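All of these numbers come straight from a predicted model, not from anything done at the bench.
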Amino acid sequence: VQLQASGGGLVQAGGSLRLSCSASGGTFSSYGPGWFRQAPGKEREFVAAMRPGDRNTFYGDSVKGRFTISRDNAKTTSYLQMNSLKPEDTAVYYCAATAMGNKISSAYRHSSTYSYWGQGTLVTVSS
């Protein structure tokens, strides 16, 4: 599976952006999408994920209530809708995909669960 992230850019605090992750190859509907981010000088951080099968969603504490992960199987694309953006949301955002279903929620918060990664898209939130 090849993943291509897009939609990053510069936005003012309080604004919104929608990131897209287009997938090719494999059977997209059987994979669970995930999003991670990495700010300069910091470790990669879990943002959001959707479990394959039941499509339960999980969010990092810092984005819960502001970000929403979704998918469109017909377009083989996953999305990350980001609202009420804050300067601390500034980071390179990476999309990922996993074929591992039926895992406990904590598994989807770890980058090691994901076999496929996109190249990253930069989101900059100005104050």
Side-chain angles (χ1 to χ4, degrees):
V1 177
Q2 291 78 46
L3 303 176
Q4 179 77 33
S6 62
L10 175 64
V11 63
Q12 288 189 331
S16 299
L17 276 177
R18 188 178 77 159
L19 304 183
S20 300
C21 181
S22 177
S24 60
T27 305
F28 178 76
S29 59
S30 66
Y31 291 93
W35 288 90
F36 291 76
R37 67 186 182 186
Q38 188 164 18
K42 294 188 176 181
E43 294 185 353
R44 189 169 294 191
E45 176 189 16
F46 168 73
V47 176
M50 181 181 288
R51 183 160 55 196
D54 63 15
R55 297 197 179 185
N56 276 357
T57 57
F58 314 103
Y59 296 93
D61 290 341
S62 61
V63 307
K64 198 173 296 182
R66 300 188 296 124
F67 290 11
T68 303
I69 187 172
S70 62
R71 67 187 300 161
D72 185 332
N73 286 343
K75 295 182 178 179
T76 64
T77 300
S78 65
Y79 303 97
L80 184 68
Q81 178 66 44
M82 306 185 295
N83 298 329
S84 302
L85 283 162
K86 305 175 181 179
E88 51 264 43
D89 293 319
T90 295
V92 176
Y93 283 71
Y94 297 91
C95 64
T98 179
M100 293 186 181
N102 301 315
K103 298 292 185 181
I104 59 174
S105 62
S106 60
Y108 298 97
R109 300 173 181 271
H110 293 280
S111 58
S112 59
T113 297
Y114 299 84
S115 300
Y116 309 100
W117 290 86
Q119 85 288 5
T121 184
L122 177 62
V123 172
T124 303
V125 184
S126 62
S127 58

Should [X] and [Y] count as side-chain neighbours, where that means a heavy-atom distance under 4.5 Å?
X   : Y    : result
I69 : Y59  : yes
R66 : M82  : no
Y31 : Y116 : yes
R37 : V63  : yes
N56 : Y108 : no

field: Distance, nearest 0.5 Å, that separates CG of D61 from CZ of R109
entry: 6.5 Å

- line: Which of K86, E45, E88 passes side chain to side chain donor-acceptor pair (under 3.5 Å) with S62? It is E45

Considering non-hydrogen atoms only, spot the tightest contact between [X] and [Y] and give its length.
X    : Y   : answer
S127 : P87 : CB-CG, 3.8 Å
L3   : A97 : CD1-N, 3.8 Å
S29  : N73 : CB-ND2, 3.6 Å
A48  : L80 : CB-CD1, 4.0 Å
S20  : T77 : CB-CG2, 4.1 Å
S16  : S84 : OG-N, 4.3 Å

Say whether, by atom type as modelled, one donor and one acceptor occur between the side chain of [X] and the main chain of [Y] under 3.5 angstrom.
X    : Y    : answer
T124 : T90  : no
Q119 : A5   : yes
R51  : K103 : yes
R71  : F28  : yes
T76  : A23  : yes

message: Please say yes or no: joined through hydrophobic side-chain contacts below 4.5 Å, possibly via intermediate residues, are F67 and Y94 part of one cluster?
response: no

- prompt: Among the clusters formed by ILVMFWY side chains lying less than 4.5 Å apart, do V11 and V92 turn up in the same one?
  reply: no

- request: Return yes when atom NZ of K42 has more than 12 non-hydrogen atoms of other residues, nucleotides or ligands closer than 6.0 Å, and no otherwise.
  value: no

query: Are more than 12 heavy atoms from other residues, nucleotides or ligands located less than 6.0 Å from atom CG of D54?
result: yes

- prompt: Among D72, L19, T68, which residue meets the side chain to side chain contact (heavy atoms under 4.5 Å, CB included) test with Y79?
  reply: D72

Pairs flagged by disulfide bond (SG atoms under 2.5 Å apart) wherever residues 4-102 is involved - sequence neighbours left out: C21-C95

- prompt: How would you list, by chain and number, every residue that makes a ring-ring contact (aromatic ring centres under 6.0 Å, His included) with F36, sequence neighbours excluded?
  reply: F46, Y114, W117

